[in-house]
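Any value given below was found using the heavy atoms of this structure, including those in side chains, with hydrogens, waters and symmetry copies removed. Residues: numbered from 1 along the sequence shown.
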Amino acid sequence: MEITALGYIGIKSSQAEQWGRMATELLGMQRVDRAASVQAYRMDDRKQRLIVDGSGDGGLAVMGWEVGDGAALARLAGRLDDNGVKVARGSQALADERHVTELICFQDPAGNTIEVFWGAAVASDPFRPGRPISGFRTGPLGMGHVVLNVEDVEPLLRFYRDLLGFQVSDFGLTPYKLYFFHVNGRHHSFAMVGSGRRTLHHFMVELGSLDDVGQGYDLAQLDDGRVAYTLGRHTNDHMTSFYVNTPSGFFIEYGWGGRLIDPATWQPHETFDGPSLWGHERLYLPDEQRKRMRDMRLSAAARGVRVPDPRVPPLNCAWLDAVIAQE
């Protein structure tokens, strides 16, 4: 696959002041000076990772995916063009704005704008977080992950898997189709939910310490209505996280301890447990839907589903070892 990581995300929101406070004081990002209508935020040595365009309120504006060099970019552009996808070369002005060497632009079958680039610029000054945190887990793993609500999974599955080269990590088929994809060692950098809607569901940033997440959780609870999902742990990628409501109507997942996989040996598979082992109470859902999600977690608990700890040797209990081996 040419694509190696999620490089940046752009959103459109006129709520600049609210985004600024949340991104720096809660998430711990560093604000970067930009034009009056655009805010940019750093998470590491890159010049920007999150871009907030104040010219409208369209939610997700762009996903920026990274490739290794110009040759990889040309190969991908050629394959897209051969398959009828309209590809435009990004102008030098756009490349400068994104702080990259070169990029191409196109849309997926649902109309989401994608930019693929190489040669991201590195800042000359060190990252200075907006609040005391150990830092974000980025590097070769990229910015984090992004999850879309989609109307129809099938055309997007063919596009992201067969054309862009994303690899399926795991998937669920009931009560709706849900696919997770990896492009590096992060369990998933992209996912889509066949919810019948077309919106950004959330993007995730991963912290270097569980305490960063816990302290962020305390801060989020001070802001009435900020917490969307309570603290919990996901079944498939093992992330311990909580979710916040953003000024733009989607969520941000704030997590630690995500699972690393080996893309060369990983086998895609269907999952049957719910999305979370514990926690992640969805505070925004009606009571009946919250109960359904809660019952799935309680079922996993009743069956002894756990995330295996590689530091702990087998317990010499045939039943429990068998349960762990199936995870």
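Electrostatic pairing of Arg42 and Asp45 does not count as a salt bridge here, judged by no charged N lying under 4.0 Å from a carboxylate O. Salt bridge Asp295/Lys291: present, at least one basic N to carboxylate O contact under 4.0 Å. Under the 4.0 Å criterion applied to side-chain N and carboxylate O atoms, Arg31 and Glu25 are not assigned as salt-bridge partners. Arg197 has no carboxylate O lying under 4.0 Å from a charged side-chain N of Glu151, or vice versa, which leaves the two without a salt bridge.
At a threshold of 4.5 Å between non-hydrogen side-chain atoms, the residues Leu60 and Phe203 do not count as touching. Under the 4.5 Å side-chain criterion, counting only non-hydrogen atoms from C-beta, Arg233 is not in contact with Met239. Taking 4.5 Å as the limit, every side-chain heavy atom of His201 sits out of range of all side-chain heavy atoms of Leu148. Looking at heavy atoms from C-beta onward, Asn83 lies in side-chain contact with Arg79 at the 4.5 angstrom threshold. The shortest side-chain heavy-atom distance between Phe171 and Glu270 falls under the 4.5 Å cut-off. Asp44 has its side chain within reach of Arg46: a pair of non-hydrogen atoms, C-beta onward, lies under 4.5 Å apart. Using a 4.5 Å heavy-atom threshold, the side chains of Leu80 and Leu164 count as touching. Side-chain contact check for Arg282 versus Pro275: some heavy-atom pair is nearer than 4.5 Å.
Nearest heavy-atom pair, Val85 versus Phe159, reported as atom, atom and distance to 0.1 Å: CG2-CE1, 4.0 Å. Heavy-atom minimum distance, Val227 versus Ala220: CG2-CB, 3.8 Å. For the residue pair Gly216 and Leu26, the shortest heavy atom distance occurs at O-CD1, 3.3 Å. Considering all non-hydrogen atoms of both residues, Leu94 and Cys105 come closest at CD2-SG, 3.8 Å. Shortest non-hydrogen contact noted between Asp108 and Ala110 is OD1-N, 2.8 Å. The two residues Leu200 and Val146 have their closest heavy-atom pair at CD1-CG2, 3.5 Å.
The hydrophobic clustering, which links ILVMFWY residues whose side-chain heavy atoms are closer than 4.5 Å, places Ile252 and Leu210 together. Under the 4.5 Å side-chain heavy-atom criterion for ILVMFWY residues, a single connected hydrophobic cluster contains both Ile11 and Met192. A continuous path of Ile, Leu, Val, Met, Phe, Trp and Tyr side chains, each step under 4.5 Å between heavy atoms, connects Trp19 with Val205, placing both in one hydrophobic cluster. Cluster annotation: Val116 and Leu103 are assigned to distinct hydrophobic clusters (Ile/Leu/Val/Met/Phe/Trp/Tyr, side-chain heavy-atom contacts under 4.5 Å, transitive). Each of Ile51 and Trp65 belongs to its own hydrophobic cluster when Ile, Leu, Val, Met, Phe, Trp and Tyr are linked at side-chain heavy-atom distances under 4.5 angstrom.
Atom OG in Ser209 sits 10.0 Å away from atom CD1 in Ile133 (nearest 0.5 Å). Rounding to the nearest 0.5 Å places CD of Gln18 at 7.5 Å from OG of Ser13. To the nearest 0.5 angstrom, Thr199 atom OG1 is 3.5 Å from Asn149 atom CG. With rounding to the nearest 0.5 Å, the separation of CE in Met293 from OG in Ser276 is 6.5 Å. In this structure, CG in Leu50 is found 5.0 Å from CE in Met143, a value given to the nearest 0.5 Å. Atom CH2 of Trp266 and atom CG of Leu260 lie 11.0 Å apart (nearest 0.5 Å).
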Pair Val193-Tyr176, side chain to side chain contact (heavy atoms under 4.5 Å, CB included): steps then yes or no = CA-CA 7 Å; Val193 185; Tyr176 40 72; 3.6 Å; yes

Requested in this report: Step by step, work out the side chain to side chain contact (heavy atoms under 4.5 Å, CB included) result for Met1 and Gln167.
Outcome: CA-CA 9 Å; Met1 66 182 82; Gln167 301 295 307; 3.2 Å; yes

How far apart are the C-alpha atoms of Ser169 and His269, what are their side-chain angles, what is the distance that settles it, and do they pass the side chain to side chain donor-acceptor pair (under 3.5 Å) test? CA-CA 7 Å; Ser169 299; His269 58 277; over 6 Å; no

Tell me, with the steps shown, if Tyr179 and Leu156 meet side chain to side chain contact (heavy atoms under 4.5 Å, CB included). CA-CA 10 Å; Tyr179 280 83; Leu156 291 168; over 6 Å; no

- Kindly indicate, with the supporting measurements, whether the criterion salt bridge (charged side-chain N to carboxylate O under 4.0 Å, His left out) is fulfilled by Asp273 and Arg303. CA-CA 10 Å; Asp273 289 313; Arg303 289 178 285 114; 2.5 Å; yes

- Item | Derivation and outcome, side chain to side chain contact (heavy atoms under 4.5 Å, CB included), residues Ser189 and Asn184 | CA-CA 8 Å; Ser189 295; Asn184 53 48; 4.0 Å; yes

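Of the possible polar contacts, none joining the Glu102 side chain to the Val100 backbone as a donor-acceptor pair under 3.5 Å is found. Side chain of Arg290 to main chain of Tyr284: no donor-acceptor pair is present (N/O by atom type, distance under 3.5 Å, no hydrogens or angles). The backbone N or O of Gly119 sits less than 3.5 Å from a side-chain atom of Thr101, completing a donor-acceptor pair.
Classification of the Phe251-Tyr243 ring pair by plane angle, with boundaries at 30° and 60°, yields perpendicular.
Enclosure of atom CZ in Arg21 by more than 12 non-hydrogen atoms of other residues, nucleotides or ligands within 6.0 angstrom is indicated.
Aromatic ring centroids of His182 and Phe166 lie 6.0 Å or more apart. Side-chain rings of Tyr254 and Tyr217 stay apart, their centers remaining 6.0 Å or farther from each other. Here Tyr160 and Phe190 bring their ring centres to under 6.0 angstrom of each other. Aromatic ring centres of His188 and Phe180 lie closer together than 6.0 Å.
Thr4 and Glu66 are not linked by any side-chain donor-acceptor pair at a separation below 3.5 angstrom, with hydrogens and angles left out of the test. For the residue pair Thr246 and His202, no side-chain donor N or O sits within less than 3.5 Å of a side-chain acceptor on the partner. When only modelled atom types and interatomic distance are considered, His145 and His187 share no side-chain donor-acceptor pair under 3.5 Å. For the residue pair Asp57/Ser14, the side-chain donor-acceptor check at 3.5 Å is satisfied.
Residue pairs meeting the salt bridge (charged side-chain N to carboxylate O under 4.0 Å, His left out) criterion with at least one member in residues 179-190, sequence neighbours excluded, are Arg186-Glu206. Residue pairs meeting the salt bridge (charged side-chain N to carboxylate O under 4.0 Å, His left out) criterion with at least one partner in residues 209-231, sequence neighbours excluded, are Asp223-Arg226.
For the side-chain hydrogen bond (donor to acceptor under 3.5 Å, both in side chains) with Tyr8, the lone residue among Gln48, Arg49, Glu115 that qualifies is Glu115.
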